[in-house]
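To keep things clear, I will list the structure first and then write my remarks on it.
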Amino acid sequence: MKYVSTRGRAPSLSFIDTVLTGLATDGGLYMPETLPQFSRADIAAMGMLDYQQLAFRIIQPFVGEDLSDRALREIIDRAYRPFRHRAVAPLVQTDTNEWILELFHGPTLAFKDFALQFLGQLFDHLLKKRGERVVVMGATSGDTGSAAIEGCRHCENIDIFILHPHKRVSEVQRRQMTTVLADNVFNIALEGNFDDCQNMVKASFASQSFLPDGRRLVAVNSINWARIMAQIVYYFYAALRLGAPHKTVNFSVPTGNFGDIFAGYLARQMGLPIDQLVIATNTNDILHRCLSDNDHTLKPLVHSLSPSMDIMVSSNFERLLFDLYGRNGAAVTELLTDRSAPLHLSEQALARARQVFSSYRVDDTRTVAVIREQFAASGYLLDPHTAIGVEAARRVRLSAEQPMVCLSTAHPAKFPEAVAQALPQTTIPLPAHMQDLWQREERLEVLPNSLSQVQDYMAALLSAGN
Ligand SMILES: *Cc1c(COP(=O)(O)O)cnc(C)c1O
């Protein structure tokens, strides 16, 4: 399988090179040249597979000859072994024909483990084979950092540096990162905000001469194709449990960077019968405005009770645009590089998007109310991100007959603030494997908002380690 840039001017790459590269050289994101297709009969035959077996069936065509079947099976088995539910992604019913897909049984209690456990194992395999050692550098506002650290902590050929804004991530999120005391894990608390962290990572990727000889940076953010690919699997898995391919199944997805829901779109393009994909946003609603009013103006970021969806521009939206514009890289480039006006989609592209996607915005007040109402109705506790997905699904769903699956992107214990507002009397314990999180030793380095000081710090540690 070959991978092409959404901007159409970078060389096409193999699967392995795509995974080990960040942005394409033309500034675009990599996409598979063609999508694997599964017929109704193919999908029907997947009904008996467990999560890992299904993951192999879905992922293998994207990998092609780049990995042996045996190696790919092993990567998948190792990636999903640490999950604490034997179904890996279990379904729970919350209303008539409405289901929650629990994606929080991985090590860090958020769905990002699905992609980052896989990516860590994939890196480890590829780097061992090449005899190469790389540096993972990433910025996080919360969930990505801990999932990336958990994914890479056991990788012998990776040193991982995660930058988070000092004092601006939650206690749980910080401790999930800083209590991993592995020799190859480095947490930097930057005296700045998330954008400062991200800009520092971008600048470092653009000019990597600060690294010791022979080292290079590798990306773990959601522009990495392997993350999207791994997320396609659970759409198939949930739909199969609910009667696909004989039944059509719809999904509602709490959305930030558009990676998760884009994986659902790809599942549909590969043959899974999905009629409706609901983009659920919080007050940072650029995607909702884009779809409903073709309004893509940037507004200042609002800090909400669902911080993992506090995003101004969704980087993976470009991958959808590539498809909506007939996979025409020149058209995507023109659309995204005209900075004189906000993005404006053609009527045709917008109409295409609306055939598949619906959208809805949920503010903090309503989020808290939904958590409270759902708990009263069924005793089920939603995390704030999931509550937004559930509310959006109920507001815009088109069919009562087709099952609606709401993706639960995090465990409620990870976001106690919203839950405390909804249910002041209820305490939510952390799951057993994290009960001692508050007692664990932390290790982090607080650094000033200075690119050269961060890079000097990294270079010194990397040289000392080897
Ligand atoms: C990352 C994240 C999201 C948003 O997912 P995207 O792929 O960025 O759209 C939603 N909920 C939680 C809990 C997350 O960590």
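First listed ligand is number 1; within each ligand, the first listed atom is number 1. Values below: all heavy atoms of this structure, side chains included; hydrogens, waters and symmetry mates excluded.
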**Message:** For Lys112, which part has a heavy atom under 4.0 Å from ligand 1: side chain, backbone, both, or neither?
**Reply:** side chain

**Request:** Going by heavy-atom distance to atom 6 (P) of ligand 1, choose the closest among Asn257, Val253, Leu407.
**Result:** Asn257

**Fill in**
The complete set of side chain to side chain donor-acceptor pair (under 3.5 Å) pairs with one or both residues in residues 110-121, sequence neighbours excluded, reads Thr108-Asp113

**Item:** Asp293 with Arg289: basic N within carboxylate O range, under 4.0 Å
**Value:** no

**Asked** Hey, what do you get for CG (Leu350) to NE2 (His344), rounding to the nearest 0.5 Å?
**Response** 8.0 Å

**Item:** Option nearest atom 9 (O) of ligand 1 (shortest heavy-atom distance, choices Gly256, Ala110, Ala410)
**Value:** Gly256

**Message:** Within the 4.0 Å heavy-atom shell around Thr255, which atoms of ligand 1 are there?
**Reply:** 9 (O)

**Asked** Would you find a donor on one side and an acceptor on the other, under 3.5 Å apart, between the side chain of Thr386 and the backbone of Leu382?
**Response** no

**Request:** Could you tell me which atoms of ligand 1, counted from 1 in the order shown, lie closer than 4.0 angstrom to a heavy atom of Gly259?
**Result:** 6 (P), 7 (O), 9 (O)

**Prompt:** Closer than 4.0 angstrom: is that true for some heavy atom of Phe262 and an atom of ligand 1?
**Reply:** no

**Message:** Using a 4.0 Å heavy-atom cut-off, which part of Phe258 comes near ligand 1: side chain, backbone, both, or neither?
**Reply:** backbone

**Prompt:** Identify the closest protein heavy atom to atom 12 (C) of ligand 1: which residue and atom is it, and at what distance?
**Reply:** Thr409 OG1, 3.4 Å

**Prompt:** Can Arg394 and Glu391 be counted as an ion pair, charged N to O under 4.0 angstrom?
**Reply:** no

**Prompt:** Does Pro254 have a heavy atom less than 4.0 Å from any atom of ligand 1?
**Reply:** yes

**Prompt:** Polar-atom distance check: Asp143 versus ligand 1, any N or O pair below 3.5 Å?
**Reply:** yes

**Fill in**
heavy-atom search around atom 5 (O) of ligand 1 in the protein gives Phe111 CZ, 3.5 Å

**Message:** Check for me whether Arg319 meets the cation-pi criterion with Phe317, that is, NZ or CZ under 6.0 Å from the six-membered ring centre and within 45 degrees of the ring axis.
**Reply:** no

**Message:** Contact between Leu20 and Val134 at the side-chain level, heavy atoms closer than 4.5 Å - yes or no?
**Reply:** no

**Asked** What part of Asp260, side chain, backbone, both or neither, has a heavy atom within less than 4.0 angstrom of ligand 1?
**Response** both

**Request:** Could you tell me how the ring of Tyr265 sits relative to the ring of Phe262: parallel (under 30°), tilted (30 to 60°) or perpendicular (over 60°)?
**Result:** parallel

